[in-house]
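Following: one structure in structure tokens, then a few remarks.
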Amino acid sequence: MKKNILIGLMVSLMISFPSLSFSDTTEDLINALIVKGVLTEKEGSLLAKQAKAEKKNNGRVEFKKGGGLLFESGDGESNLKIAGRIQLDYRDFDTGNGSSANSKAADGFDVRRAYLGVAGIANKYYGYKFVGSFGSSTKLDEGYLEFKHIKKAKLRIGQFKMPMSLEERTSSRFLNFTERSYVNNGSLTAGKEVGIMVHGTPSKGINYAFAITNGYGQNVDMADDRNDGLEWMIHVDTDLAKRNKWKDQIAHLGVSYSNQSDMDLTSTATKQQTLGKGQEFFKSKLSGTATDISRSRYGLELALAKGNKKFQSEFATASWDTSLGSSQDVKAFYADVGIMLTGESYSKSYKSKSAGGKFDRITPNRNFNQTNMSGGAWELMAGYSKFDASDITSSSVGIQLNSATANTNEANTYRLGLKFIPDPNTRIMLSYANTDFDGENKEIAVSGSTMDNERAINIRMQYDF
């Protein structure tokens with residue numbers, strides 16, 4: 001009688017509370033009761049089957065490790081994850097060495113990013129993601145549907161992040177510094193676009209993606225009367241460490257290419273801000289007679305890591321051709337080196353995705369304990385990035401330097417960064433960027449003054465879930 005009451009009570013609890021549905025803990029409990037002779041093996045098996053059936057009916061709700069509130073159906077074929085992030089920045093700037101260097105970028109606070117969205121799978125084969133940006137303006141950040149019927153050739157439609165650059169594919173939550181490098185210029189590498197993409201992993205450690213997009217950036221359609229051409233792009237990367245089973249290592253190599261003909265005339269204007277998110281030092285414009293514009297873009301990426309040490313680098317170039325017969329290039333490069341001072345391995349933060357490998361969340365060996373002020377992960381970074389638009393001058397034919405707003409076409413930036421990661425969801429970042437302007441005039445005009453150098457300190461507090 002007591003045994004039957006116990007079995008009935010356990011089943012009733014599992015039916016009444018979905019959060020107590022079948023799990024490893026429940027299975028351990030049943031096995032313990034069998035060992036102690038409270039249940040026979042037959043009764044334990046029956047109870048386990050009932051618990052599993054209840055899980056399938058009820059589904060589950062849980063906070064995922066690393067962040068996100070997950071709702072999942074009992075059969076595991078549908079789920080919805082709520083996720084978000086907030087990044088709060090403070091910036092301080094200093095300038096010098098110009099002929100009248102008394103201009104200063106505005107110091108101050110900024111809500112750099114504030115995102116909230118949902119993502120998941122419906123009926124096993126249909127993926128979705130909808131993310132809103134609520135920073136300085138409210139807009140759609142990403143919104144797409146994905147058809148997963150063929151694992152090696154998934155189809156994505158909507159507005160999503162393009163596969164061209166390793167740094168671009170890496171979320172802003174997990175960057176080396178507070179800001180991306182000059183390679184991340186929208187004219188050099190594609191960011192978030194509206195279009196369609198086929199991507200997959202045909203073999204272990206090899207990813208590919210082929211996309212066709214509007215080619216004009218986020219939330220921009222092609223509704224004009226200039227007969228715009230679509231942009232197509234292709235990306236391939238491999239992680240040799242994964243393919244060869246090199247433990248605790250990363251050997252990532254990638255290449256990208258894109259092409260677009262009959263571009264919108266206004267879309268060729270390129271601009272660039274310093275990596276401290278300070279002064280805009282470069283901006284281009286079309287000469288009055290340039291038409292029939294086309295653009296090709298190339299990108300190379302490399303990431304090497306062993307244990308707690310990492311090297312990451314990219315090179316990108318964009319070439320414009322116009323009706324005037326000129327071909328003009330803009331190029332950018334960066335190289336970063338990092339070390340986890342507390343010993344965490346970079347290979348654990350690298351994710352090989354079907355649309356391209358990328359760096360992801362770093363999990364500390366031990367979370368920060370405020371009681372004894374111990375734990376958490378520390379990372380030290382150093383990097384260099386160069387922007388080179390020397391083909392575009394104030395007198396060049398086709399695309400020209402817009403000297404009304406800026407008057408230099410090259411820049412070199414050296415950066416240092418220190419990062420504290422108390423737990424997988426929280427980051428405190430300090431970045432220092434020293435930028436020297438070069439090329440035409442070697443100075444930029446700001447508010448009636450000139451400057452040839454900018455020094456910036458960026459501090460970020462970040463939380464994501």
Side-chain angles (χ1 to χ4, degrees), residues 91 93 95 98-101 103-106 110 136-137 165 168 179-191 215-220 224 226 260 263-291 293-297 316-322 324 326-334 385-413 433 435-454 456:
R91 305 186 189 100
F93 299 94
T95 61
S99 56
S100 53
S103 179
K104 184 178 176 70
D110 179 30
S136 57
S137 62
S165 163
E168 175 60 35
E179 301 295 334
R180 292 181 171 93
S181 71
Y182 292 127
V183 167
N184 194 241
N185 182 291
S187 294
L188 288 164
T189 58
Y216 298 140
Q218 195 176 42
N219 297 314
V220 180
D224 65 23
R226 296 190 173 95
Q260 184 173 16
M263 293 184 67
D264 189 322
L265 296 184
T266 60
S267 69
T268 57
T270 301
K271 56 185 179 180
Q272 182 62 59
Q273 194 175 19
T274 60
L275 302 187
K277 202 168 175 58
Q279 298 291 349
E280 182 181 279
F281 62 87
F282 172 82
K283 190 172 183 178
S284 66
K285 64 179 181 179
L286 285 166
S287 63
T289 58
T291 59
I293 301 167
S294 63
R295 178 183 63 189
S296 297
R297 302 191 280 192
T317 181
S319 299
W320 281 273
D321 292 309
T322 70
L324 300 177
S326 60
S327 180
Q328 296 167 281
D329 296 343
V330 174
K331 300 180 285 290
F333 166 82
Y334 77 85
S385 187
K386 180 176 180 60
F387 179 86
D388 181 0
S390 53
D391 277 3
I392 299 175
T393 67
S394 56
S395 59
S396 57
V397 178
I399 302 175
Q400 296 179 346
L401 188 66
N402 189 344
S403 57
T405 56
N407 59 355
T408 192
N409 50 17
E410 293 184 53
N412 300 279
T413 299
T435 301
D436 292 317
F437 304 117
D438 203 352
E440 186 168 330
N441 299 329
K442 295 182 172 56
E443 295 181 356
I444 66 172
V446 182
S447 302
S449 300
T450 60
M451 51 185 275
D452 67 356
N453 176 273
E454 178 190 271

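One-based numbering along the sequence shown. Since we're looking at a predicted model, the values are computed, not measured.
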Under 4.5 Å between any side-chain heavy atoms of Val330 and Trp320, yes or no? yes
Can you tell me how far [atom2] of [Y] sits from [atom1] of [X], rounded to the nearest 0.5 angstrom?
{"X": "Ser187", "Y": "Arg295", "atom1": "OG", "atom2": "CZ", "result": "6.0 Å"}
{"X": "Lys331", "Y": "Ser319", "atom1": "NZ", "atom2": "OG", "result": "8.0 Å"}
{"X": "Thr270", "Y": "Asn402", "atom1": "OG1", "atom2": "CG", "result": "11.5 Å"}
{"X": "Met263", "Y": "Tyr216", "atom1": "CE", "atom2": "OH", "result": "5.5 Å"}
{"X": "Lys285", "Y": "Leu401", "atom1": "NZ", "atom2": "CG", "result": "8.5 Å"}
{"X": "Leu275", "Y": "Asn412", "atom1": "CG", "atom2": "CG", "result": "10.5 Å"}

Any donor-acceptor pair under 3.5 Å from [X] side chain to [Y] backbone:
{"X": "Gln279", "Y": "Glu454", "result": "no"}
{"X": "Ser294", "Y": "Gln260", "result": "no"}
{"X": "Gln273", "Y": "Gly278", "result": "yes"}
{"X": "Asn453", "Y": "Thr435", "result": "yes"}

Would Ile293 and Leu286 count as a side-chain contact (heavy atoms from CB on, under 4.5 Å) here? Give the steps. CA-CA 10 Å; Ile293 301 167; Leu286 285 166; 3.5 Å; yes
Which class fits the ring pair Phe387 and Phe281: parallel under 30°, tilted 30 to 60°, perpendicular over 60°? perpendicular
Can you see which heavy atom on [X] is nearest to which on [Y], and at what distance?
{"X": "Ser390", "Y": "Glu410", "value": "CB-OE2, 3.5 Å"}
{"X": "Ser394", "Y": "Glu440", "value": "OG-OE2, 2.7 Å"}
{"X": "Gly276", "Y": "Arg91", "value": "O-CD, 3.7 Å"}
{"X": "Arg297", "Y": "Ala318", "value": "CG-CB, 4.0 Å"}
{"X": "Phe333", "Y": "Ser385", "value": "O-OG, 2.9 Å"}

[X]: which residues meet the side chain to side chain contact (heavy atoms under 4.5 Å, CB included) condition with it, sequence neighbours left out?
{"X": "Ala316", "value": "Val183, Leu188, Thr189"}
{"X": "Lys442", "value": "Asp438"}
{"X": "Ser396", "value": "Gln328, Ile392, Thr393, Gln400"}

For side-chain contact (heavy atoms from CB on, under 4.5 Å), just list the numbers for Asp388 and Tyr182, CA-CA rounded to whole Å, side-chain angles, deciding distance to a tenth of an Å, and then say yes or no. CA-CA 9 Å; Asp388 181 0; Tyr182 292 127; over 6 Å; no
Phe282 and side chain to side chain contact (heavy atoms under 4.5 Å, CB included): which partner among Asn409, Asn185, Ile444, Thr408?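 It is Asn409, the one option of Asn409, Asn185, Ile444, Thr408 that forms the side chain to side chain contact (heavy atoms under 4.5 Å, CB included) with Phe282.
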Counting only heavy atoms not in Lys271 (residues, nucleotides, ligands), do more than 12 fall under 6.0 Å from its NZ?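 It does not: Lys271 NZ has 12 such atoms or fewer within range.
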